[in-house]
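In what follows, a structure is listed as structure tokens, so that the remarks can point back to it.
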Amino acid sequence: MAYDLGPQTCVSVEAGEDMSDWQYKVVFINTSGKAVQFDDGGSEIPAGVLQNAPESGEAAKILVAGVTRAIADSSFALQNLLAAKEGDGKLTNTIASNYVVGQPLEAPGGDGEQFTCYVNFATTYVGS
């Protein structure tokens, strides 16, 4: 299904590590001001969905708000809230203790599947 991508808000930030296999996953901005993988299980705040596949030192294009492709952590239905899953950068419908960021426009069939969703990382909150 086609979607009007409409206005998208993206920022470019230097990649703080090799993210050549991280496209369409969630990233955060570290204390050095660089984009890195949302995967260490700490207390990072997600910044957005990585749109390209930069190597360390290259520009990481991060979608902060709008319609994007993303990687799912499981199958889930439409009308679920989506949250950024720390540990693997995927989006999940398990919102408890995760940052709620949007809703799916397609229902992914399983872990690792790309799907279309709309997100807004500027107004995230921790789900309960």
Side-chain angles (χ1 to χ4, degrees):
M1 179 178 275
Y3 298 96
D4 178 3
L5 296 180
Q8 294 178 303
T9 302
C10 293
V11 296
S12 289
V13 177
E14 182 181 340
E17 62 186 330
D18 180 7
M19 294 191 289
S20 57
D21 64 348
W22 204 258
Q23 186 175 24
Y24 302 129
K25 291 185 178 180
V26 177
V27 297
F28 77 100
I29 308 301
N30 68 15
T31 56
S32 298
K34 297 181 180 182
V36 293
Q37 300 172 3
F38 191 61
D39 70 350
D40 80 352
S43 59
E44 300 88 15
I45 298 172
V49 177
L50 185 65
Q51 299 298 293
N52 60 349
E55 293 183 10
S56 183
E58 295 179 341
K61 182 179 179 184
I62 303 166
L63 184 129
V64 177
V67 175
T68 185
R69 300 294 290 163
I71 307 295
D73 81 325
S74 63
S75 62
F76 45 82
L78 297 176
Q79 298 183 333
N80 279 277
L81 291 174
L82 292 176
K85 184 179 176 192
E86 197 167 18
D88 63 11
K90 298 175 185 176
L91 292 182
T92 180
N93 69 333
T94 304
I95 64 169
S97 301
N98 290 317
Y99 285 94
V100 177
V101 297
Q103 285 188 280
L105 292 170
E106 295 175 335
D111 183 30
E113 185 172 312
Q114 282 191 27
F115 70 105
T116 303
C117 58
Y118 62 89
V119 296
N120 184 350
F121 284 81
T123 58
T124 62
Y125 65 93
V126 177
S128 56

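Positions are given from 1 along the sequence. The shown structure was predicted, so the numbers you read here are calculated from the model rather than taken from an experiment.
Note that CG of L78 and SG of C117 are 11.5 Å apart. Values are rounded to the nearest 0.5 Å. Taken to the nearest 0.5 Å, the CD atom of E106 stands 3.5 Å off from the OG1 atom of T116. Between the CG atom of L50 and the CG atom of D21 there is a distance of 10.0 Å, given to the nearest 0.5 Å.
Under the side-chain contact (heavy atoms from CB on, under 4.5 Å) criterion, V11 pairs with V13, I62, V64, sequence neighbours left out. The side-chain contact (heavy atoms from CB on, under 4.5 Å) test applied to Y118 returns V67, Q103, L105, not counting sequence neighbours. The side-chain hydrogen bond (donor to acceptor under 3.5 Å, both in side chains) search around D18 returns S20, not counting sequence neighbours. Judged as a side-chain contact (heavy atoms from CB on, under 4.5 Å), and not counting sequence neighbours, S75 has no contacts.
Distance alone, capped at 3.5 Å, is enough to place a donor-acceptor pair between the E17 side chain and the Q37 backbone.
Evaluation of the salt bridge (Lys or Arg N to Asp or Glu O under 4.0 Å) test over residues 74-83, restricted to residues two or more places apart or in two chains, returns none. The ring-ring contact (aromatic ring centres under 6.0 Å, His included) analysis of residues 53-109, with sequence neighbours excluded, yields the pairs F76-F115. Residue pairs meeting the salt bridge (Lys or Arg N to Asp or Glu O under 4.0 Å) criterion with at least one member in residues 90-105, sequence neighbours excluded, are K90-D111.
Between A107 and A77, the shortest heavy-atom distance links the atoms CB-CA, 4.2 Å. In terms of heavy-atom proximity, F121 sits nearest to A84 at CE2-CB, 4.5 Å.
Hydrophobic cluster membership for I95: L81, V100, Y125 (Ile, Leu, Val, Met, Phe, Trp, Tyr linked by side-chain heavy atoms under 4.5 Å, directly or transitively).
Each of T92, N93, L91 was checked for a side chain to side chain contact (heavy atoms under 4.5 Å, CB included) with N80, and the lone residue meeting it is N93.
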Donor-acceptor contacts under 3.5 Å from residues 25-34 side chains, at least two apart:
| residue | atom | partner | partner atom | Å |
| --- | --- | --- | --- | --- |
| N30 | OD1 | S32 | N | 2.9 |
| N30 | OD1 | G33 | N | 3.1 |
| N30 | OD1 | K34 | N | 3.0 |

Under 3.5 Å, which donor-acceptor pairs link side chains of residues 51-58 to any protein atom two or more places apart or in another chain?
| residue | atom | partner | partner atom | Å |
| --- | --- | --- | --- | --- |
| Q51 | NE2 | V49 | O | 3.1 |
| Q51 | NE2 | T68 | OG1 | 2.8 |
| N52 | OD1 | K61 | N | 3.0 |
| N52 | ND2 | A59 | O | 2.9 |
| E58 | OE1 | E55 | N | 2.8 |

